[in-house]
Amino acid sequence: MKAGIAGAGLMGRLIAWQLSELGWSVTLFDKDIKGQQSAAFAAAGMLAPYAEHEAEPIIFRMGMQAVASWQTLAEKFDDSSWLQLQGSIVTAHSSDHYHLEELIARLQQKIPTPDFSLLNEKTVKDLEPGLQCKKAIYLNKEGAINSRLLLTLLEQQLTKAGAKWQDKVTVTSVKPHTISTTENAYQFDWVFDCRGTGANNNFSDLRAVRGEVIRLYAPDVKITRPVRLLHPRYRLYIVPRPQSVYVIGASEIESNDTSAISVRSCLELLSAAYSVHSGFAEARIIETLSALRPALLDNLPRIIYQQGMIAVNGLYRHGFLLAPVLLSEISNLLYNADNVSAYPDIIKWDL
Amino acid sequence: MLGIGNETFQSRLLLGTAQYPSPAILKQAIEASRTQIITVSLRRQTPGNQDNYFWDLLKSLPCKLLPNTAGCATAQEAITTANMARELFDTNWIKLEVIGDDYTLQPNVFELVKAADELIQQGFEVLPYCTEDLVVCQELVECGCKVLMPWGAPIGSGRGLHNPYALALLRERFPDLTLIVDAGIGKPSHAAQAMELGFDAVLLNTAVARAHSPVKMANAFSLAVTSGRQGYEAGLIKASHCAQASTPLIDKPFWNLKVSKAE
């Protein structure tokens, strides 16, 4: 079988990889095959089903399944250091401790048996000696993915498996069996539309939500788990990467603006990071980035199934949290279409 | 009916559009609240970028849009933002917000009065987010504001009406002005309390958007506002120290009561 995949971000790569493992001949199309313009490239790669449960219960269910799926997928890699699952920490400034209580109340209301523990100054230190805070919540099922490392490893695996890359092409439309670029039209047995914000001809309620991220080199900071700060106005997380690099994110702005990070966002993200750990004062800013998250009206993912085409979109800020579950839903559609999906609400049959 | 500018509205609840779990839930909450006026922020947008899905969505709803100047710290910034809003949303209405303190988001009333004065001269219908200070309100009225929006408590704090005495005084001093409690409301009972004080409307956002079920909470606020208003219109009885039996007790002459006994 021949597959054409439009969009070589996280979702496109995962589908390509799975299909090539199943013996398909795969071609990927993107303006930028390195994936540097994809939402996944900018993402901190948080796997936080608990902290992200607030949107809809389905995000929590899919997220918990995804954490398990990532572990299975990681076994297929020689180097699985991209997956870190040692839990995450949620904290707040002393004056905002009520946010922690509010999060616990939400977890207890929305999740049947929430698995979390409360930390005090001492138990925080036991877990993360480099972190100072009076009160925190430890979510031991959470973690993070080194997004860029995984994108690169997937590219290598795909190339090794013989996948073809159509780099620096602009896809103008994705229809059943056909991917059209500004130059040509290509025919396949199946096509997959994974273009994210570029796919508005298949998703009429698609919008972009701008996110801004800063990468810091901070040898004075020793934090090993993702840390989330709850604040009345800012949404902040700090995700450690190898070699003292920390990803600080992320703003969330209803806009399709891809211009550089704003001063306001820089000030907010950096001062919030500094308030969590004073060691960030002498950190070096190694990168600032703005990217667009593709989102649908309900902020939930959606898979459109047509004979000859599967389109997937709306991963919003949950790309790494949802991708492996969407991947298994898609292979279910291809191979066991009679199976009942665990998430029937996200699949639209267009026959 | 709630009157603002030369328009009238059935609903006395104004709703903010930020912080909802998704645009779909925002839409449902707006419907459930029965609101006819929704606020929209221009904050964090690049000037000149008019292509915005979220704004288009708000424009498509059957509600009057009230742009705000959230995030502005000086009169000049607020005036610039108001003019951008007039162009973007094709309305001369502006919820004027000039913040003086980052932690409490308390309005800077000095800059607020300056901005209000200028914007009214430029033909705006100014709805100023102010404190409950009587003299500040007098100044705003002086420069031509027909609506006042004093805070109940700091934005997003959900603390309810901190100073009901001052709010009641505003109602007494400005009987003909449109008075709206803006910010600080956390529970439906807070909204009902504001309406019982004779306020014309309430404006809130966080209490609905961050509720576990925003749609249900939107309906709860709608009912609270209607109930508080009807209570006010029906005429509330005065509280008294002495019980007044609702069933006349003819067999208990007043001289039998201990309190009225001559010592």
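As the structure is a prediction and not an experimental result, all values here were calculated from the model. Just so it is clear: chains get the letters A, B, ... in the order the sequence lines come, proteins before strands, and each one is counted from 1.
- If you measure heavy-atom distances from B:L26 to chain A, you find no contacts under 4.5 Å at all.
- Between A:L297 and B:L57 the shortest side-chain heavy-atom distance falls below 4.5 Å.
- Of the atoms belonging to A:E254, heavy atoms from both backbone and side chain fall under 4.5 Å from chain B.
- Counted within 6.0 Å of CD on A:E287, heavy atoms from surrounding residues, nucleotides or ligands total more than 12; the atom is thus considered enclosed.
- In terms of heavy-atom proximity, B:N52 sits nearest to A:S255 at ND2-CA, 4.1 Å.
- Around the NZ atom of A:K348, the shell of radius 6.0 Å holds more than 12 heavy atoms that belong to other residues, nucleotides or ligands.
- No more than 12 heavy-atom neighbours from other residues, nucleotides or ligands sit within 6.0 angstrom of CZ on B:R159.
- The neighbour count for A:I285 CD1, taken as heavy atoms of other residues, nucleotides or ligands under 6.0 Å away, does not exceed 12.
- Within 6.0 Å of NZ on B:K64 lie more than 12 heavy atoms contributed by other residues, nucleotides or ligands.
- Atom CD of A:Q109 sits in a crowded spot, with more than 12 heavy atoms from other residues, nucleotides or ligands closer than 6.0 Å.
- Remark: B:R210 CZ to A:H99 NE2 distance equals 7.5 Å, nearest 0.5 Å.
- Rounding to the nearest 0.5 Å places OH of B:Y53 at 10.5 Å from CG of A:N200.
- Of the two parts of B:I155, neither the backbone nor the side chain holds a non-hydrogen atom closer than 4.5 Å to a non-hydrogen atom of chain A.
- Heavy atoms closer than 4.5 Å to chain A are found in the backbone of B:A211, but not in its side chain.
- Heavy atoms from other residues, nucleotides or ligands lying under 6.0 Å from OH of A:Y98 number more than 12.
- Using modelled atom types, one finds a donor on one side chain and an acceptor on the other under 3.5 Å when comparing A:S95 with B:Y103.
- Closest heavy-atom contact between A:L296 and B:P23: O-CD, 4.5 Å.
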